[in-house]
A.B. asks: 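Sharing a structure with you now.
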Amino acid sequence: MPLVNSKEMFEKAYNGGYAIGAFNCNNMEIVQAITEAAKECNSPVILQVSAGARKYAKPIYLKKMVEAAVEDTGLPIVLHLDHGADFEICKDCIDAGFTSVMIDCSSKPFEENIAITRKVVEYAHAHVPYVTVEAELGTLAGIEDDVKVEHGAESYTKPEDVEEFVRRTGCDSLAIAIGTSHGAYKFKPEQCTRDPKTGVLLPPPLRFDILEEVSKRLPGFPIVLHGSSSVNQEYVKIINDNGGALKDAVGVPEDQLRQAARLAVCKINIDSDLRLAMTAGIREHFEAHPEHFDPRQYIGDGRAYVKQLVKHKIVDVLGSNDKI
Ligand code: G3H
Ligand code: 13P
Ligand code: ZN
């Protein structure tokens, strides 16, 4: 099966009450871990590539690795541009064979966001085969490539804007801001309560009222959540027990993501959790085997942890297992 766009995947996910995992790829081991996990779970999957990933690994390597994964697994896989900053990067990716792109003008004024998104949609939809376009309304806190939005400067999506935005842009899916944020430090300690027994921070709940209002206004329309890593504390502990220093790292609780996946959320973006799992595997390996210097040994352990994590996400959070 060749790479696919996200249209049919999202229709099935919407109607089936689950979400597709959109996992960020930066190297071969990450691509393998994600797609082997998806294969074992019989799950569709989205592999997404940021501008930072393109800079790190070179677009041609990423594209070929994803094509290899498609051939190796036979899965329906979407190759998606994550956080395309302008028309040019979206066009580049569409021309290079991506099956889906995100145009992220969420930090721009409403009219400008509409104009640029519309331009990308016209180009993407004229492409044969049709390339799907994700757009965004509202801004998340955290770091995306070079853009850093401080906590407090983020803004929730305004439900009253979404119908006009989707109608005028023609986008295929919409990322909204309901309290998630990028990175492994999603909430400031003062926004959280602290579990007295474990000392772990418990974050404030997502704004399900906004999600529900948006989905009422856009019935049947796929919603996307960025910044949806849960910062699983088992990996944070392994990292910290093996020389790391991640203090007060906190993410979005998985039960809230499961709930969102049952509603209109069809795509859930996960990157930081993969980074934590990879780092946990490598740190643990170095601590246990200080004499090792073959990268296949320690990166192999990192890859095994990422695979285990992706299987857990597919089965226990996204609910996309056995959907092929
Ligand atoms: O949303 C951001 C993603 O986690 C990508 O991060 O820009 O460091 O590749 P990156
Ligand atoms: P996390 O940092 O929560 O993994 O979010 C990733 C993301 O939104 C990629 O676009
Ligand atoms: Zn994102």
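In this text the structure is predicted, and so the values were computed from the model without any measurement. All ligand and atom numbering here is 1-based and tracks the order in the structure.
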A.B. asks: Give the atom numbers and elements of ligand 2 that come within less than 4.0 Å of a heavy atom of His83.
C.D. replies: 10 (O)
A.B. asks: To which of Gly251, Ser230, Gly227, Ser229 does the heavy atom nearest atom 4 (O) of ligand 2 belong?
C.D. replies: Ser229
A.B. asks: Output all residues satisfying ring-ring contact (aromatic ring centres under 6.0 Å, His included) with Phe286, sequence neighbours left out; order by chain, then residue number.
C.D. replies: Tyr298
A.B. asks: Examine the proximity of ligand 2 to Asn24 and report which part, side chain or backbone, both or neither, has a heavy atom under 4.0 Å away.
C.D. replies: side chain
A.B. asks: Can you tell me the protein heavy atom closest to atom 7 (C) of ligand 2 and the distance?
C.D. replies: His182 CD2, 3.4 Å
A.B. asks: Does any N/O atom on Asn269 come nearer than 3.5 Å to any N/O atom on ligand 2?
C.D. replies: yes
A.B. asks: I want to know if ligand 1 touches Asn24 in the polar sense, i.e. an N/O pair below 3.5 angstrom.
C.D. replies: no
A.B. asks: Of all the non-hydrogen atoms in the protein, which one sits nearest to atom 10 (O) of ligand 2, and at what distance?
C.D. replies: Asp82 OD2, 2.7 Å
A.B. asks: Among the N/O/S atoms of His226, select the one at the shortest distance from the Zn ion (ligand 3) and name it.
C.D. replies: ND1
A.B. asks: What angle sits at the Zn ion (ligand 3) between NE2 of His182 and NE2 of His83, to 10°?
C.D. replies: 100°
A.B. asks: Give the atom numbers and elements of ligand 2 that come within less than 4.0 Å of a heavy atom of Ser272.
C.D. replies: 1 (P), 2 (O), 4 (O)
A.B. asks: List every atom of ligand 2 that sits less than 4.0 Å from any heavy atom of Lys186, numbering the atoms from 1 in the order shown and giving each element.
C.D. replies: 1 (P), 2 (O), 3 (O)
